[in-house]
2 protein chains.
Amino acid sequence: MHALSDSTRRDIVRRCLVSEASVSRLAEQYPMSFAAVQKHVAVLEQAGLVTKERSGREQLVRTDVEAVRRARTAIDQLEAVWRARVDRMTDLLNEPKGDTHEREER
Amino acid sequence: MHALSDSTRRDIVRRCLVSEASVSRLAEQYPMSFAAVQKHVAVLEQAGLVTKERSGREQLVRTDVEAVRRARTAIDQLEAVWRARVDRMTDLLNEPKGDTHEREER
DNA sequence: TTCACGTACAACCATTTGGTTGTACGTTAG
DNA sequence: CTAACGTACAACCAAATGGTTGTACGTGAA
């Protein structure tokens, strides 16, 4: 998930893991507009990292603990991919065989 | 290094680790213009991942093995940072203390 | 010597991303 | 009831990024 690539979003996730908060109350904590924070929350929600629950006219944001755990393992895997990539590169030093290029993810 | 965040650049690094190649010969391998490849090489060169050596009218590109190794440890550290971040989040589940937000890297 | 080749670089373009302001709308406090 | 609040969303903006074409220039093959 690239949803956690932004530091503001990471902080929102952290905050709402401690205690749920309305979008406005969240917005007060950051040096940006309400709309910006609302967008961040929307991104997090779409990524399944956070859930919103209506309470009166407020929308309470809460972090999904399991999603965070899932993200953690995703990070582990991503790291593994990278390591494998670099490993493969350095390996090619010793056993130089012909290889072809394929377009991959991005 | 974000220089390795692009798959084309990763492939260039890989290729030039196996055997050095001129920019044109590299460019032939990818579905993009010569200029685009040349830019990628420039990025890699500036990141110190690759060196160029003039040979006649060609410019031979070669991957710096040590730089790749350095990149590898950088990846390791980056992963550690992320893990620490997620760890800290999940930790907050158990010991909920008040905390303040600080803007960080991006 | 000349001309094609390999290179560098500028100018431009489309897309993504994080931000803004403004508007619309439902809900609840007074 | 009405006004203020909390929210959603559209429209716009600026910067970054990966791509393009076009131009300029040095060098080596013919």
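Note on naming: letters A, B, ... go to the chains in the order of the sequence lines (proteins, then strands), and numbering restarts at 1 for each one. This one's a predicted model, so the numbers in the text were calculated from it and none came from an experiment.
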Q: Taking the nucleotide of DNA chain C with the closest heavy atom to each, which residue, Val43(A) or Ser55(A), is nearer the 5' end?
A: Val43(A)

Q: With a cut-off of less than 4.0 Å, is there a side-chain N or O of Ser33(B) near OP1 or OP2 of dG19(D)?
A: no

Q: Please tell me if the side chains of Lys52(B) and Leu60(B) come closer than 4.5 Å, counting only heavy atoms from C-beta onward.
A: no

Q: Given Ser55(A) and Gln59(A), is the side chain to side chain contact (heavy atoms under 4.5 Å, CB included) satisfied, shown in steps?
A: CA-CA 6 Å; Ser55(A) 162; Gln59(A) 197 83 264; over 6 Å; no

Q: Whole angstroms only, please: what is the CD-C1' distance between Glu28(B) and dG6(C)?
A: 11 Å

Q: Picking from dG18(D), dG19(C), dT21(D), which would you name as closest to the side chain of Thr8(A)?
A: dG19(C)

Q: Given 3.5 Å as the limit, does a donor-acceptor pair link the side chain of Arg9(A) with the main chain of Ala3(A), or not?
A: yes

Q: Enumerate the protein-to-nucleotides 11-14 of chain C contacts in which both atoms are nitrogen or oxygen and the separation is below 3.5 Å.
A:
none

Q: Between Arg25(A) and Glu28(A) (salt bridge meaning N to carboxylate O under 4.0 Å), is one present in this structure?
A: no

Q: Should Arg15(A) and Asp11(A) count as an ion pair when the cut-off is N to O under 4.0 Å?
A: yes

Q: Which whole-number value in Å describes the distance from Gln46(B) CD to dG18(D) P?
A: 13 Å

Q: Can you name the residues that form a side chain to side chain contact (heavy atoms under 4.5 Å, CB included) with Val68(A), not counting sequence neighbours?
A: Val13(A), Thr63(A), Val86(B), Thr90(B)

Q: Please examine the side chains of Thr51(B) and Glu45(B), heavy atoms only from C-beta on, and report whether any two atoms are closer than 4.5 Å.
A: no

Q: Grab the CD1-C1' distance between Ile12(A) and dG19(C) for me, whole Å please.
A: 13 Å

Q: Could you check if a side-chain atom of Leu49(B) sits within less than 4.5 angstrom of a side-chain atom of Arg70(B), using non-hydrogen atoms only?
A: no

Q: Take the protein atom NE2 of His40(A) and the nucleotide atom C1' of dT16(C), then report the distance between them rounded to whole Å.
A: 14 Å

Q: What is the separation between atom CG on Asp6(A) and atom C1' on dG19(C), rounded to the nearest whole Å?
A: 11 Å

Q: Would you check if Leu26(B) and Cys16(B) make a side-chain contact, meaning some heavy-atom pair closer than 4.5 Å?
A: yes

Q: Can you check each nucleotide of nucleotides 3-9 of chain D against protein heavy atoms at under 4.0 Å and return B for base, S for sugar-phosphate only, - for none, in 5' to 3' order?
A: -BBSBBB

